[in-house]
Protein chains: 2
Amino acid sequence: MKIFATNLAKTASSSDIIYDALRDSIISGQIQAGESMRQAHIAELFNVSRIPVREALKRLEAQGLVQSLRYKGYVVSPLSHAEMEEIYEIRANLEPIVIEKSVANMSEETLEEAKDYCDSFSSETEASKWGEWNRLFHETLYRDAERPYHLKLVGEAIDRVDSYLRAQLVLTNGMEVAIGEHHGILEACLQRDGVLAAKRTREHILGSYRVLIDYLGNQSR
Amino acid sequence: MKIFATNLAKTASSSDIIYDALRDSIISGQIQAGESMRQAHIAELFNVSRIPVREALKRLEAQGLVQSLRYKGYVVSPLSHAEMEEIYEIRANLEPIVIEKSVANMSEETLEEAKDYCDSFSSETEASKWGEWNRLFHETLYRDAERPYHLKLVGEAIDRVDSYLRAQLVLTNGMEVAIGEHHGILEACLQRDGVLAAKRTREHILGSYRVLIDYLGNQSR
DNA sequence: ATATTGAATATTGTATACAATCTGCATTAT
DNA sequence: ATAATGCAGATTGTATACAATATTCAATAT
C-alpha cells in the first residue's frame, strides 16, 4: 500500500510560530532596538497564553536578538558599533568558505534561482524590499554548501545586523556598487570558480561594512 | 552615605540556574548524546515546576546542545563527523583572530593566570580533569580580546564538541603534543607577539582535530 | 503464534492562577 | 515647593491544572 502522507508531526507548536513571527518583526525592523515587548500583549495578538510567548522569547534571547532583565521584561537588543564590526568581521571570514564549498556542488536550479533574485534586487525600486532580495540572493548561493553549522552562525549574524539595518534602509548609498558586486559573485559561480566567488564575497561584505560605517558617520553629524 | 551592596536584581532565576546546570551536565559528558531528558524528572531534581525547566531547554535548543521533537521530548544532540569538522574549521578561523586581539591588550594578571592553568593542565594526572584545565587555559588567553560576539560563538562551538569529547576522554593520545603547543602559545603571548600566538593557536586547533579524527578512525575498527 | 486493536499510562504543550517584583502616582513630611 | 513614603496597578516568574499526543501492553482476531 502506498499513501501520500505529509508528516503531521511537523506542524509547528505555538511557541515555534510565535518565535518565527517575532524574529521576522525584529529583523524587518518593525520592532526596533530598545523597544520593550510585553508578554501579555504578544500573547493577546496570537490568542494564546504567555507560556509559549515566553519560550519564544527565551530562544530569541539565546540568539541575542532580545535581552531580558528579571522582572523588567524583554527589549530588542541594541547593536553597538563594536558588535557590528565584529559581526562583519565574522561574516567576512565565514561566508567565503561557505560559498566556495557551495560552488563545488552547485546545481543548475540554484544558479537559476540566484540569477532571478539578483535581477529582482537590481531592478527593485522600492527600497523597503532591497533587504529581502539581497538576503534571498545570498542565501540561495550558500544553499548547496552542506555546511549547516556555518549557515546557522552566518544566518544569526545576519539576523543581528538586519535587525538594525533594515529599519535604517542603509543600502541606499551603495546600491549601484552592490548590484555590480552581486553580478560579479554570480558570474564567478556560473564559471564554477569557487575561489573567485569566495574572494568577491569577502570583498562584498567588507565593502558593505565600509558603506555602513560611512553612512553612520554622516548620520551622526 | 556609602553602602556596599550587591545587586540583588542579578540573582538568577530558576530558569537560569537550571540552564547552567543542564549545560554543565551535557558538556561534561554526564548526560550523553542521544539521552532523553524528561521534564518532570529534571523539575523534581530542582524542586520546581516544569515551566522553568522548559525555558532552560528552549535556550539549550537554540544553542544546538539539545533537540526537541514535539510531544516526544528533548534529547542531547548527537554530533556527526561532518558537524565536528565544521566546528573545528570555524574555531580554526575565529580563535586566532580572538587571541591576536587579546594579546594586544593582555594584562599581567591574565598572563599569570594562563600560566597557572597551563601548568595545571601539564601536570594533571587525572584524565577527567584535562578538559576543564584545557578550557580554562584557552578562555583565559581570550579574555582580554574585547570581542564578545566572537567569544560567544567560539564558546558555543566548544560546548558542542565538549559534549562529545569529554565523555570520550579523547585527548589521551595527544597530551604530550598538546602540552607542548600550549607552552608555545603561552610563550608567544608572553613575548606580546599576537601574530605568532594566532598562528600557533590555529595550528593547535587543526592539530587537535587531526588527533581526534585519528582516534575516531581507530575507534571504528 | 503473530499481528492488530484499543484502552491505560506517560509525557509533552498550553491555559489559568497565583506569587514576586517593579513602576507610577498620590499623599505626607520637611 | 520639593523630596520621601507608601499604596495600587502593572508586569514578570512560577506552580498547578488540564489538554493533546505518544507509548505500552493486554485483549482480541486471524
Side-chain angles (χ1 to χ4, degrees), chain A residues 1-3 5-23 25-26 31-32 34-77, chain B residues 1-3 5-23 25-26 31-32 34-77:
Chain A
M1 181 181 63
K2 281 233 166 177
I3 295 184
T6 61
N7 188 345
L8 293 179
K10 272 190 182 161
T11 53
S13 65
S14 306
S15 159
D16 291 336
I17 293 166
I18 293 167
Y19 168 81
D20 287 339
L22 291 180
R23 174 181 164 278
S25 300
I26 293 170
I31 315 180
Q32 294 202 16
E35 257 188 85
S36 76
M37 312 171 75
R38 287 206 312 292
Q39 299 170 7
H41 178 234
I42 297 168
E44 206 172 354
L45 288 177
F46 289 91
N47 259 300
V48 296
S49 77
R50 279 167 43 228
I51 302 291
V53 173
R54 289 176 56 81
E55 293 182 0
L57 287 170
K58 281 289 177 215
R59 289 170 59 186
L60 291 169
E61 187 186 12
Q63 190 178 339
L65 287 180
V66 305
Q67 294 177 348
S68 80
L69 268 87
R70 198 155 133 88
Y71 292 117
K72 291 203 176 173
Y74 290 78
V75 296
V76 176
S77 298
Chain B
M1 181 181 60
K2 279 235 168 180
I3 295 184
T6 60
N7 188 345
L8 292 180
K10 272 192 182 161
T11 54
S13 65
S14 306
S15 160
D16 291 336
I17 292 166
I18 293 167
Y19 167 82
D20 286 340
L22 291 180
R23 174 180 165 278
S25 300
I26 293 171
I31 315 180
Q32 294 203 15
E35 256 188 88
S36 76
M37 313 172 74
R38 286 206 310 292
Q39 300 169 8
H41 177 234
I42 297 168
E44 206 172 355
L45 288 177
F46 290 90
N47 260 301
V48 297
S49 76
R50 280 166 43 228
I51 302 290
V53 173
R54 289 175 56 81
E55 294 182 0
L57 287 170
K58 281 290 177 216
R59 288 170 58 185
L60 291 169
E61 187 185 11
Q63 190 176 342
L65 287 181
V66 306
Q67 294 176 349
S68 80
L69 268 86
R70 199 156 131 87
Y71 292 119
K72 290 204 176 173
Y74 290 79
V75 295
V76 176
S77 299

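Order of the sequence lines sets the chain letters (A, B, ...), proteins ahead of strands, with each chain counted from 1.
Atoms CD1 and OG, from A/Ile17 and A/Ser14 in turn, are 6.0 Å apart once rounded to the nearest 0.5 Å.
Residues that satisfy the salt bridge (Lys or Arg N to Asp or Glu O under 4.0 Å) test with B/Arg23, not counting sequence neighbours, are B/Asp159. With sequence neighbours left out, the side-chain hydrogen bond (donor to acceptor under 3.5 Å, both in side chains) criterion links A/Ser68 to A/Glu61. Applying the salt bridge (Lys or Arg N to Asp or Glu O under 4.0 Å) criterion to A/Asp20, with sequence neighbours excluded, gives no partner residue.
In summary, the side chains of B/Lys58 and B/Tyr19 do not present any donor paired with an acceptor at a separation below 3.5 Å, with no hydrogens or angles considered.
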Please report, to 0.1 Å, the donor-acceptor pairs under 3.5 Å made by any side chain of residues 42-49 of chain A, with sequence neighbours excluded.
unit_1: A/Ser49; atom_1: OG; unit_2: A/Ile51; atom_2: N; d: 3.3

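Sorted by first then second residue, the salt bridge (charged side-chain N to carboxylate O under 4.0 Å, His left out) pairs that include residues 45-54 of chain B, not counting sequence neighbours, are A/Glu55-B/Arg54.
Atom CD of A/Glu44 is separated from atom P of C/dA15 by 13 Å (rounded to the nearest Å). Counting to the nearest Å, the P atom of D/dA15 and the CG atom of B/Asn47 are 9 Å from each other.
Residues B/Met37 and B/Val76 meet the side-chain proximity criterion, which asks for heavy atoms closer than 4.5 Å.
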Identify all pairs in which a protein N or O lies below 3.5 Å from an N or O of nucleotides 12-14 of chain C, and state each distance.
unit_1: C/dT12; atom_1: OP2; unit_2: B/Gln39; atom_2: N; d: 3.4
unit_1: C/dT12; atom_1: O3'; unit_2: B/Tyr71; atom_2: N; d: 3.4
unit_1: C/dG13; atom_1: OP2; unit_2: B/Gln39; atom_2: NE2; d: 3.3
unit_1: C/dG13; atom_1: OP2; unit_2: B/Arg54; atom_2: NH1; d: 2.4
unit_1: C/dG13; atom_1: OP2; unit_2: B/Arg54; atom_2: NH2; d: 3.4
unit_1: C/dG13; atom_1: N7; unit_2: B/Arg50; atom_2: NH2; d: 2.7
unit_1: C/dG13; atom_1: O6; unit_2: B/Arg50; atom_2: NH1; d: 3.3
unit_1: C/dT14; atom_1: OP1; unit_2: A/Ser14; atom_2: N; d: 2.8
unit_1: C/dT14; atom_1: OP1; unit_2: A/Ser14; atom_2: OG; d: 2.9

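Relative to the axis of its first five pairs, the axis of the last five pairs of the helix from C/dA1-D/dT30 to C/dT30-D/dA1 sits at 0°, rounded to 10 degrees.
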